[in-house]
Amino acid sequence: MTEQQGRESEGYDFQAIQDRWLPVWDQLKPFEVSEQETAKPTKYVLDMFPYPSGDLHMGHAEAFCFGDVLARYWRGRGYDVLHPIGWDSFGLPAENAAIKRGVDPREWTYANIAQQKASFRLYAPSFDWSRVLHTSDPEYYKWNQWIFLKMYEKGLAYRKASWVNWDPVDQTVLANEQVLSDGTSERSGAVVVKKKLTQWYFRITDYADRLLDDLDQLEGKWPTKVLNMQRNWIGRSRGAEVEFEIEGRDEKVPVFTTRPDTLHGATFMVVAPDSDLAAELAAGASSDVRMQFQAYLEQTQKQTEIERQNADREKTGVFLDHFAVNPVNGERIPVWASDYVLADYGHGAIMAVPAHDQRDLDFALKFGLAVRVVVDVLDENGVSLPDPASSGVATTGDGTLVNSGELDGLAKDAAIARAVEVLESRGTGRAATTYRLRDWLISRQRYWGTPIPILHAQDGSMQPVPEAALPVVLPSTEGLDLKPKGTSPLGGAEEWSTVIDPATGAELRRDPDTMDTFVDSSWYFFRFLSANDDAQAFDPAAAKKWAPVDQYVGGVEHAILHLLYSRFITKVMHDLGYIDFEEPFMEMLNQGMVLLDGAKMSKSKGNLVEFASELEAHGADALRVTLAFAGPPEDDIDWADVSVQGSAKFLARAWRIADDVETSGAAVGVSFADGDKALRKHTHHLLADAPGLIESYKFNVVVARLMDQVNFTRKTIDSGAGAADPAVRESAEAIAVILSLFAPYAAEDMWAKLGHEATVALVEWPVADPSLLVEDEITMVVQVDGKVRDRLTLSASVTDAEAEAAARASQAVQRSIGDRQVVNVIVRLPKIVSIATKPA
RNA sequence: GCCGGAUUGGCGGAAUUGGCAGACGCGGCGCACUCAAAAUGCGUUGUCGAAAGACGUGAGGGUUCGAGUCCCUCAUCCGGCACCA
């Protein structure tokens, strides 16, 4: 007898079980799905694909555990399940690591991918390994370029010069979404500065309304938090555009306001100092004003985002020596420049209504500008709030319009509507909507990304690379300086950059920038449908069969960027006619984080739970059960609060039941009908409840129910029925099938011990027998004045009257009623009889 | 400031959505097995109380025969947005 068999004969041995089944599964490839039509309905279950920075970590273990539970569940429920895996393998960490080690980013990237693949194999999520993709493969990024060209054709990809977010550490631009609210880069942590650069953008703002409105369809299917975040991010605000004349300027200046009702209270105008308008107005002013403005502009631009976003600081600004004309009352109002107005929101200029906007009031009080009340706002006692000019507090609530000509006497909402009508009839304004969302800046000045398929001529004109010439493959890093230096390393690849136009013989240069890696991940879920197809990005027929993704699983850290971009690209694909749906992810689960002692794990803090060592010590099954059992999947898991040993103990107990059946139990195929009734009921209640629990992500409860089932089965065996009872086999089979979602190895071994062929992962779930779900006895609670006084065991067929009589007959109930008078009796079978009393 | 979410034993959490609060597990305690320990198994474990019983789901109020669950007010924590006009 080998040493291993020796250990095994003592009982459950996770190592031996893993070693036994891994090769079998490798050979069976049970999770590969074909394109062929089958009669089965389909589910597409997807985890957010990993970035290959080193080996997998506990965060991956958690997310992929949950995704796999759902994928395996739907298979068990009779669906064809597409559950693919790939790698988000372009990006800065690879490039930075490569620079540090002096190697090609490819080496680092693909070595990490190989390691993660090996870890995944052991961890055993039920992936279809025939559809693997890596975004850094030319076979993949070719289609990034194809999407770019399609968007370029549609005018959805364009270049413009603008103030952009610049990361001085990574030496590249960032999208708005990649700048944290404290003004630092989400990647490098550096304080982001503003630079004026010509860059490529995707026109996501064209889709702002659809991206916002379609969130309603996802209500109840996506976490509320994510919907909320997306809505905040898009930030639609409705109001009006009002055109102001500026004296000495032909063109009118539009401003955006959400409060057109307060137009009569506009006593000055403010423009953003870094706007074109400010520069133009300053240029037309006295030299004194020009100098003041110049100094102010420089001061503004020196500020970091952090400083600028500090709302508490004193208002600053300069008078631009110009006057605007209020279109509703013809009043001359001064025009100022101040950094509290942003150049890239609305029109970069505002009408200031100091009485009813705190920012405008602060500015007016600082610079001695007029404050005029146009809305009479009352406090809770019906008394008018004090004049903001003296109180220093702007009144922003609802109220009655005053000092406002034709709007006088109207309430806020009516006044807004009327003001818009008046503006429209006079042609000086209209209803308008603005968004917080900006266009998506997609160019990056780095090497390890998708080359932008555009050629630049000497005269500055551009032409797209023809589709047939795709992919534009990244040049080798040989002789290329990848160090961040503010311009793209690709520009240094002379031979690669230079292209001769076959039509004209003219020398063209390739665009040197690469795409934001969020482009890669904004459509990878489509590529999985046709991962090996080199003729198209994806097959629309496959999309019809599998897409959209039925179940998406991933971290909430992608709640804005990745999900917003994916939704956008999906809508673009829809508009291009490739798909017939507009939302990519039907249901979403955001798993929490894995913490240690209440803190995020990190190598530098030394509080790390290593995935690899946990896997080695306890095995994949115990790890997965621990993660699933810890609590609701969306909550954080503190590794200090869980017990992997506890999970292993449970698995051993479950496994021993199958072991008992193997040695002394009922044979395969035995009729369960004669089995122990109580155990059978227990089993069928589990079978009946498990689907609803899984579908509502209550994995922890399902594991608890499995533990309960194991305990109950063990008690049944020990209390006389013995392992030979057919109900024990029935229970063991049900445990194996449901357990296979969480612990595929142990469940497979149980399944084999129960005399079945591999693999349990493809077994359809047994259906609960309704006749075993009905109780013939009920335990009814009797309450007197809301307090439980007795529990009665009654036949399930009792009538209300019988139940009431039984309740009144109870000694305990009579004692607690005492000499009080019964005023009301409520019977709710089969749960409760509630008796209300009052003093006699 | 605006928006959203949370708060249940020593700990993680459960409660069929208004009907027995604390399932299941961790930890603790006791017992069995053992020379002993580990492992395993069995029992026990909300608080106060010897018991009967009383109290108990962040705080206060309300609706209801009945509230962890619904409504109002408040506190604390977490998340998003924020000089966004």
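Proteins get letters first, then strands, A, B, ... in listed order; numbering begins at 1 in each.
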Opposite nucleotide pairing with B:rG56, Watson-Crick or G-U, both atom distances under 3.5 Å: none
B:rG66 pairs with which nucleotide, Watson-Crick or G-U wobble, both distances below 3.5 Å? none
With P as the reference atom in both, quote the distance from B:rG10 to B:rG19 in angstrom, rounded to an integer. 25 Å
Indicate, with a heavy-atom threshold strictly under 4.0 Å, whether A:Asn711 touches base, sugar-phosphate, or nothing. sugar-phosphate
Separation between the C1' atoms of B:rA23 and B:rG9, rounded to whole Å: 14 Å
B:rU40 - base-pair partner by Watson-Crick or wobble geometry, distances under 3.5 Å: B:rA32
Take the protein atom CZ of A:Phe256 and the nucleotide atom P of B:rC83, then report the distance between them rounded to whole Å. 16 Å
How do A:Gly786 and A:Lys715 order along RNA chain B: which one's closest nucleotide is nearer the 5' end? A:Lys715
In Watson-Crick or G-U wobble terms, both distances under 3.5 Å, what is the partner of B:rG27? B:rU45
CD of A:Gln783 versus P of B:rG66: gap in Å, rounded? 9 Å
How far, in whole Å, is B:rC24 from B:rC31 if one measures between their P atoms? 24 Å
Test for a donor-acceptor pair under 3.5 Å between the base of B:rC83 and the side chain of A:Lys315, counting only N and O atoms. yes
Mind checking the OG1-CE spacing from A:Thr267 to A:Met351? Nearest 0.5 Å is all I need. 10.0 Å
Distance check, P atoms only: B:rA54 and B:rG5, in whole angstrom units. 38 Å
Between A:Lys681 and A:Glu775, does at least one N-O distance fall below 4.0 Å, as a salt bridge requires? yes
So, does A:Asn700 get its side chain near the phosphate of B:rA14, meaning an N or O under 4.0 Å from OP1 or OP2? yes
Given the P atoms of B:rA14 and B:rG25, what is the spacing between them in whole Å? 15 Å
Below 4.5 Å, heavy atoms only, C-beta onward: do A:Val644 and A:Trp639 meet side chain to side chain? yes
Checking understanding here: a glycosidic angle within 90° of 0 is syn, the rest anti, so what is B:rU17? syn
With respect to the side chain of A:Ile832, which nucleotide from B:rG19, B:rC20, B:rC81 is positioned closest? B:rG19
Spacing of the C1' atoms in B:rG22 and B:rG27 (rounded, Å): 16 Å
In whole angstroms, the gap separating C1' of B:rC65 from CG of A:Asn824 amounts to 6 Å
Would you classify A:Val353 as touching base, sugar-phosphate or nothing, given that sugar-phosphate means primed atoms plus P, OP1 and OP2, and contacts are heavy atoms under 4.0 Å? nothing
When A:Arg808 is tested against each of A:Val833, A:Val813, A:Val822 for side-chain contact (heavy atoms from CB on, under 4.5 Å), which residue passes? A:Val822
Within the 4.0 Å heavy-atom criterion, would you say A:Pro632 contacts the bases, only the backbone, or no part of the nucleic acid? sugar-phosphate
Pair A:Arg624 + A:Glu62, salt bridge at N-O below 4.0 Å: no
Rounded to whole angstrom units, what separation is found between the CG atom of A:Asp357 and the C1' atom of B:rC83? 9 Å
Using the side-chain heavy atoms of A:Asn232, tell me which of these nucleotides is nearest: B:rG12, B:rA14, B:rG80. B:rG80
Side-chain atoms of A:Lys787 come closest, of B:rG41, B:rC55, B:rA85, to B:rC55
Distance-only, no hydrogens or angles: does the A:Asn824 side chain make a donor-acceptor pair with backbone N or O of A:Ala836 under 3.5 Å? no
Counting Watson-Crick and G-U wobble pairs only, both distances under 3.5 Å, name the nucleotide matched with B:rC20, or none. none
N or O in side chain of A:Arg714 less than 4.0 angstrom from B:rG41 OP1/OP2: no
Just to confirm, is there a sub-4.0 Å distance from OP1 or OP2 of B:rG41 to any side-chain nitrogen or oxygen of A:Arg653? yes
Does the structure show a Watson-Crick or G-U wobble partner for B:rA15, both distances under 3.5 Å? Name it, or say none. none
Indicate yes or no: does A:Asp659 engage A:Arg653 in a salt bridge with an N to O separation below 4.0 Å. no
A:Lys831 side-chain N/O to B:rG66 phosphate OP1/OP2 under 4.0 Å: no
Base, sugar-phosphate or nothing for A:Lys698? Non-hydrogen atoms, less than 4.0 Å. base
Counting any heavy atom closer than 4.0 Å, what does A:Val781 reach on the DNA or RNA strands: base, sugar-phosphate only, or nothing? base
Spacing of the P atoms in B:rG56 and B:rG1 (rounded, Å): 34 Å
A:Trp336-A:Phe367 aromatic ring centre distance below 6.0 Å: yes
Using Watson-Crick or G-U wobble geometry with both distances below 3.5 Å, tell me the partner of B:rA82, or none. none
Pull up the glycosidic torsion of B:rG9 and say syn or anti, syn being anything within 90° of 0. syn
Please give, in whole Å, the distance from B:rC78 C1' to A:Met593 CE? 10 Å
Distance below 4.0 Å between A:Ser237 side-chain N/O and B:rA85 OP1 or OP2: yes
Strictly below 4.0 Å, N to O, side chains only: are A:Asp689 and A:Lys698 in salt-bridge contact? no
Residue A:Asp635, side-chain heavy atoms: nucleotide from B:rG13, B:rC65, B:rC83 that is nearest: B:rG13
What is the distance, rounded to the nearest whole Å, between atom CG of A:Asp641 and atom P of B:rG27? 12 Å
Taking for each residue the nucleotide of RNA chain B bearing the nearest heavy atom, is the 5' side occupied by A:Val788 or by A:Met229? A:Val788
What is the base-pairing partner of B:rU7, counting Watson-Crick and G-U wobble geometry with both distances under 3.5 Å? B:rA75
Could you work out which one of B:rC81, B:rG53, B:rC83 sits closest to the side chain of A:Arg436? B:rC81
Between A:Arg789 and B:rA54, does any side-chain N or O lie under 4.0 Å from OP1 or OP2? yes
Taking only the P atom of each, what is the distance from B:rU8 to B:rG13 in whole angstrom? 9 Å
Check whether NZ of the Lys or CZ of the Arg A:Lys315 lies under 6.0 Å from the centre of the six-membered ring of A:Tyr340 and within 45 degrees of that ring's axis. yes
A:Trp233 CH2 to B:rG80 P: how many Å, rounded? 11 Å
Under-3.5 Å donor-acceptor pair between A:Ser643 side chain and B:rC26 base: no
Whole-Å distance, A:Asp708 CG to B:rG25 C1', equals 12 Å
Checking B:rC20, B:rG4, B:rA85 against the side chain of A:Thr779 (C-beta onward), the nearest is B:rC20
